[in-house]
There are 2 protein chains.
Amino acid sequence: MRLTLKDLARELGVSTATVSNAFSRPDQLSAELRERILAEAQRLGYQGPNATARSLRRGRTGIIGLILADRLQYNFEDPVATRFLHGVSEVFDQQNVNMLLLPSRSEFYLGQSFDSLADGYIIYGPPRDGRILDKVTARRKPSVTVDFNLEGVRSLNIDNFAGAHLAAAHGIRHASGQIAVLGLRLISDATQISRVGDQPLTTAEESVSRRRLDGYQAALLEAGRELNPDWIWNAPESRYELGYQAAREALLCTPRPELLLCMSDRLALGAVAAAQDMGLVIPDDLKVIGFDDIPTAAYQRPALTTIHQPQHEKGRQAARMVLGLNNRSRDIVLDARLIVRDSC
Amino acid sequence: MRLTLKDLARELGVSTATVSNAFSRPDQLSAELRERILAEAQRLGYQGPNATARSLRRGRTGIIGLILADRLQYNFEDPVATRFLHGVSEVFDQQNVNMLLLPSRSEFYLGQSFDSLADGYIIYGPPRDGRILDKVTARRKPSVTVDFNLEGVRSLNIDNFAGAHLAAAHGIRHASGQIAVLGLRLISDATQISRVGDQPLTTAEESVSRRRLDGYQAALLEAGRELNPDWIWNAPESRYELGYQAAREALLCTPRPELLLCMSDRLALGAVAAAQDMGLVIPDDLKVIGFDDIPTAAYQRPALTTIHQPQHEKGRQAARMVLGLNNRSRDIVLDARLIVRDSC
DNA sequence: TTGTAGGCGTTATCAT
DNA sequence: ATGATAACGCCTACAA
């Protein structure tokens, strides 16, 4: 059987309170007694207070939950997510906080409700199932939404509208012909590439991508140009292959687009490959602008012109917000900036 | 004040047991009553059983701890680690298991002992502080060590010796001149690049890298050649810049090495860049072989010849082992294989 | 099918 | 400085 604090107390002939103090509040007992207790614990193989019991009693666990919009694995695959997590973990590391990774599969929350284990939540992207959000907000624990907004919860975003605006404005300065957009999650529940046309789009509140689209459109409008929904493609996920596929479709249309505005670098990199495989030269025959500024965007030849968003810093900020280390502003919006390289 | 199961029971005029069953064991009560309870819970804003209390009572949490050898952030940065986590999370996703990421900072375990929260552990790489391992093994929970071995704990490794042997054997078939090794964590507590010389090395038990070194040496010996410790450089971490720096040092020596055996692809990619910056042409002037086969190794020009290790599969296996889904063999060793590309 | 009650292992409060 | 004791919120025999 497992040793408990009580066993140890009995063995030593002291009270459980004292043993507890020996581990958790050294100032409450004499150094000498504490020493004796710790030594005995060591000898008997007692590993310290049971974390579950302690959490129950104390009302907190030292764990922050990260609710990830996508499948868990996606977040280890996509450099955008990875860099965000990297930033979060940097702060958690410093603060001795544990990170519980929670996918947003609804079975999880609706059934098991492990969620109450965490002292707070970072919600990275809008969960597919909205009921999860209800659950989290009902807990009234410190929470931060990232890349979307939720009534009554602090949020952290980049300025997607402005970023997209920069991209489009730069793009049309260099391309006068047809423009196509490779969008990301513009349509709920899509599972494959599709031309947007008259399908209903997500709203600006719930989606980063929609705000990017609005940014593109505003810039075009200001230049007296227009973006027909038929020239917008939607990808359900930010993946190279989907970018390749969508770009291929777009580039086979007439008139062939001269500018591709892509809502992620991974889509853009796929698009570049597709163009090259069709014998097009970038940026001469086709200009491509990405979004995110992932590391590969800079390595790639031609290097990708894109919008930089500070993912790592975003992660750090999110962590600081949820831990209450950042009590200044309520909502935070970080800047996005244009990085001009070779593709446009 | 927070609602508890008891409050809900009182409100409804039923027993706490019934309410508990409504949430956790639907078959124990009439569908009708359950419905009523759930509805009332919804109405009052009761979010389901408190996870901490439930865990205390049940003795398990549905959480698996991942003890990461390095700083937490390193694991989101290094593609080798990332792909491993990706594999783990794939299985956890399916099995409705939560993943608690634990860095191996000792303060954590020695003081707070949050560790007992987990139902089991995957220990990815040897923690810097060995006492952590004592703590974990003392808990007697299902555990798996990855990339190292620990008495009494199931382990998962790739065949590092064989992999390195393949690399070296291939290398000397194409290069007859001087050979240099860019090693990884061959020396404990190193914090920067250093030439190994007569510094003491880690043992084969505790380190992947040492087994790789043995593999290199065995292959060279079989070919009647030798590897002088003066031609081995050590990097404390697998990073591009360290590879660059070490390679630069090595390539400035006389005779200039013709073959670089690198213990990670990131080191190798840095080495390639260093060589190119020195005006060397790969593979004509210098041959480079990496280890890991990270995605970039294939993209890069010249594409990197390297040893493939199935990181994703390794993650899946580790997850299956710790969850007891894999009751066949005790220890597992996965194959590594040579991928010949352009750099050698 | 539903209710009663003891205990999971701690820690905080209040005595002594 | 140390001890006694009552929670923390839930689950599960067992009884009804």
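Chain A is the first sequence line, chain B the second, and so forth, proteins listed ahead of strands; every chain is numbered from 1.
Distances shorter than 4.0 Å separate none of the side-chain N or O atoms of Thr18(A) from OP1 or OP2 on dT2(D).
Note: CG (Leu117(B)) to P (dG9(C)) measures 14 Å, nearest angstrom. Atom CZ of Arg10(B) and atom P of dT4(C) are 13 Å apart (whole Å).
With a 4.5 Å cut-off on side-chain heavy atoms, His86(B) and Gln311(B) do not count as touching.
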Problem set entry | Verdict with supporting geometry, Leu323(A) and Ile64(A), side chain to side chain contact (heavy atoms under 4.5 Å, CB included) | CA-CA 9 Å; Leu323(A) 294 177; Ile64(A) 297 291; 4.0 Å; yes
Exercise. Between Met99(B) and Leu66(B), does a side chain to side chain contact (heavy atoms under 4.5 Å, CB included) hold up when you go through it step by step?
Worked result: CA-CA 7 Å; Met99(B) 185 159 134; Leu66(B) 246 93; 4.0 Å; yes
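The side-chain hydrogen bond (donor to acceptor under 3.5 Å, both in side chains) check on Arg10(A) picks up Asp7(A), with sequence neighbours excluded. Ser24(B) meets the side-chain hydrogen bond (donor to acceptor under 3.5 Å, both in side chains) test with Arg54(B); sequence neighbours excluded. For the side-chain hydrogen bond (donor to acceptor under 3.5 Å, both in side chains) test, no residue two or more places apart in sequence or in another chain qualifies with Thr145(B).
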Exercise. Taking protein heavy atoms under 4.0 Å as touching, what does nucleotides 10-16 of chain C look like 5' to 3' if B marks base contact, S marks sugar-phosphate-only contact and - marks none?
Worked result: BBB----
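Against DNA chain D, the stretch residues 27-34 of chain A makes heavy-atom approaches under 4.0 Å through Gln28(A), Leu29(A), Ser30(A), Leu33(A).
The list of salt bridge (charged side-chain N to carboxylate O under 4.0 Å, His left out) pairs with a residue in residues 37-50 of chain A, not counting sequence neighbours, reads Glu40(A)-Arg43(A).
In terms of modelled atom types and a separation under 3.5 Å, the side chain of Lys314(A) and the main chain of Leu156(A) share no donor-acceptor contact.
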